Amino acid sequence: MATDTDWKLPRTFNSTSGDVRWGRLGQPGRLPVVLLHGTPFSSYVWRAVARSLARHHQVFVWDMPGYGTSEKAVGQDVSLAAQGQVFTELLSHWGLEEPLVVAHDFGGAVALRAHLLHGARYRALALVDPVALAPWGSPFFRLVGEHSDVFEQLPRALHRALVREYVGSASSRGLHPTVLDRLVGPWLDGLGQAAFYRQIAQADQRYTDEIQGRYSGIGVPTLVCWGEDDTWLPVAKGRELAALIPGARFEPIAGAGHLVQEDAPAELTATLIAFLHQPL
């Protein structure tokens, strides 16, 4: 697929966790859709889906604090708790009272926390391979989280190789080299290297444990879709999550790993459009 090296977020919002870069596609006045990325990614993974949805919607994209082109700072709170608060702030800033929400990976937990803990209202919610059910986190993820201060001191070349290998493993088909470069780029300078290990160190499962028991109270139309070849979060988690949310639909995406947006963008877009355009 196209690598879209010109993907940019032109606007800035000063959140409680630092400056957030964001952008908007599509015509004002159309039904709004907000896209949330996961970790260690950015809004860049949504570029193809966002442009397709913008034909009929106004689409909002953003890089979470500590990710992509948004602010990265020493001592920054980039936890799921902080991101849920920031997302609530953004919805208010955008003036969106009840948007359609599509969230991937950690973005799923962010959207769920904003909805269940902060009162954010959605017209409908689509969760794509979300972090939502315990246990989560690969052995590598847990190792880094327990020793982030050591990993922060890795020589730059070793850090680059580690991040490239880790990010690349999210795709079952293999990432285009330019896409891989774009996804790992924000993590490679001095600020980025520290930020990469900071976000893992702050990825505490208690932030999903706090809301897992509330999924049965979700009352908005919900779609759970999952890459069948996801090695980060097994597809069985998707079926389990869908069973916990009243009326939720489960849609597996064949031939896709955790980064469904890169492995099967056409299939994912078609699934989302069918869900978002149904009578709600």
Side-chain angles (χ1 to χ4, degrees), residues 1-9 22-26 30-64 67-69 99-108 110-111 124-131 164 166-186 222-235 237-238 249-278:
M1 65 176 294
T3 55
D4 292 318
T5 54
D6 63 341
W7 178 260
K8 292 181 176 64
L9 303 181
W22 66 276
R24 182 169 51 204
L25 299 80
R30 291 177 175 173
L31 193 62
V33 179
V34 183
L35 304 179
L36 290 81
H37 68 81
T39 181
F41 313 112
S42 69
S43 62
Y44 179 73
V45 300
W46 283 119
R47 63 200 181 280
V49 175
R51 287 168 175 158
S52 295
L53 293 178
R55 297 182 63 186
H56 300 286
H57 296 274
Q58 185 174 200
V59 180
F60 293 79
V61 291
W62 60 297
D63 286 350
M64 294 183 194
Y67 293 80
T69 56
L100 300 163
V101 172
V102 180
H104 175 245
D105 185 77
F106 264 36
V110 172
L125 174 64
L127 299 167
V128 183
D129 297 62
V131 171
R164 289 182 67 86
Y166 179 55
V167 171
S169 71
S171 167
S172 67
R173 297 185 176 182
L175 296 173
H176 187 287
T178 305
V179 171
L180 183 57
D181 287 345
R182 181 65 182 261
L183 291 176
V184 305
T222 303
L223 169 71
V224 178
C225 54
W226 218 278
E228 288 187 333
D229 300 332
D230 190 338
T231 59
W232 285 22
L233 296 171
V235 68
K237 285 291 184 185
R249 284 173 42 199
F250 177 70
E251 293 283 350
I253 306 292
H258 187 66
L259 266 180
V260 186
Q261 304 96 321
E262 301 296 340
D263 289 349
E267 294 86 343
L268 176 60
T269 301
T271 300
L272 292 174
I273 288 175
F275 172 68
L276 298 176
H277 288 187
Q278 68 179 341

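Model, not experiment: these values are computed from the prediction.
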Inset, instruction - In sequence, state the C-alpha distance, the side-chain angles, and the governing distance for Q261 and T269, and then conclude on side chain to side chain contact (heavy atoms under 4.5 Å, CB included). - result: CA-CA 8 Å; Q261 304 96 321; T269 301; over 6 Å; no
For [X] and [Y], work out which heavy atoms get closest and say how close.
{"X": "D129", "Y": "L233", "answer": "O-CD1, 3.6 Å"}
{"X": "G168", "Y": "L180", "answer": "N-CD1, 4.0 Å"}
{"X": "F250", "Y": "V235", "answer": "CZ-CG2, 3.8 Å"}
{"X": "A54", "Y": "L25", "answer": "CB-CB, 3.8 Å"}
{"X": "L268", "Y": "C225", "answer": "CD1-SG, 3.8 Å"}
{"X": "D63", "Y": "S42", "answer": "OD1-CB, 3.5 Å"}

Is any side-chain heavy atom of [Y] closer than 4.5 Å to one of [X]?
{"X": "V59", "Y": "W46", "answer": "no"}
{"X": "T231", "Y": "S169", "answer": "no"}
{"X": "V102", "Y": "V49", "answer": "no"}
{"X": "L223", "Y": "L272", "answer": "yes"}
{"X": "L259", "Y": "L183", "answer": "yes"}
{"X": "L53", "Y": "L276", "answer": "yes"}

Inset, instruction - Taking the six-membered ring for Trp and the single ring otherwise, decide whether the centroids of Y67 and W62 are under 6.0 Å apart. - result: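 No, the ring centres sit 6.0 Å or more apart.
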Legend entry - Test ring-ring contact (aromatic ring centres under 6.0 Å, His included) applied to W232 and Y166, step by step: CA-CA 10 Å; W232 285 22; Y166 179 55; 4.7 Å; yes
Inset, instruction - Please confirm whether the backbone N or O of Y44 pairs with a side-chain atom of H37, one donor and one acceptor, at under 3.5 Å? - result: no
Could you state the interatomic distance from [atom1] ([X]) to [atom2] ([Y]), rounded to the nearest 0.5 Å?
{"X": "F41", "Y": "E262", "atom1": "CZ", "atom2": "CD", "result": "9.0 Å"}
{"X": "W22", "Y": "L35", "atom1": "CH2", "atom2": "CG", "result": "13.5 Å"}
{"X": "F60", "Y": "L9", "atom1": "CZ", "atom2": "CG", "result": "13.0 Å"}
{"X": "W7", "Y": "R47", "atom1": "CH2", "atom2": "CZ", "result": "8.5 Å"}
{"X": "L100", "Y": "Q58", "atom1": "CG", "atom2": "CD", "result": "12.0 Å"}
{"X": "D263", "Y": "S172", "atom1": "CG", "atom2": "OG", "result": "4.0 Å"}

Inset, instruction - Taking atom CZ of R30 as the centre, report whether more than 12 heavy atoms of other residues, nucleotides or ligands fall under 6.0 Å from it. - result: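 Check passes, neighbour count above 12.
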Legend entry - H104 and H258 aromatic ring geometry - parallel, tilted or perpendicular at 30°/60° bounds: tilted
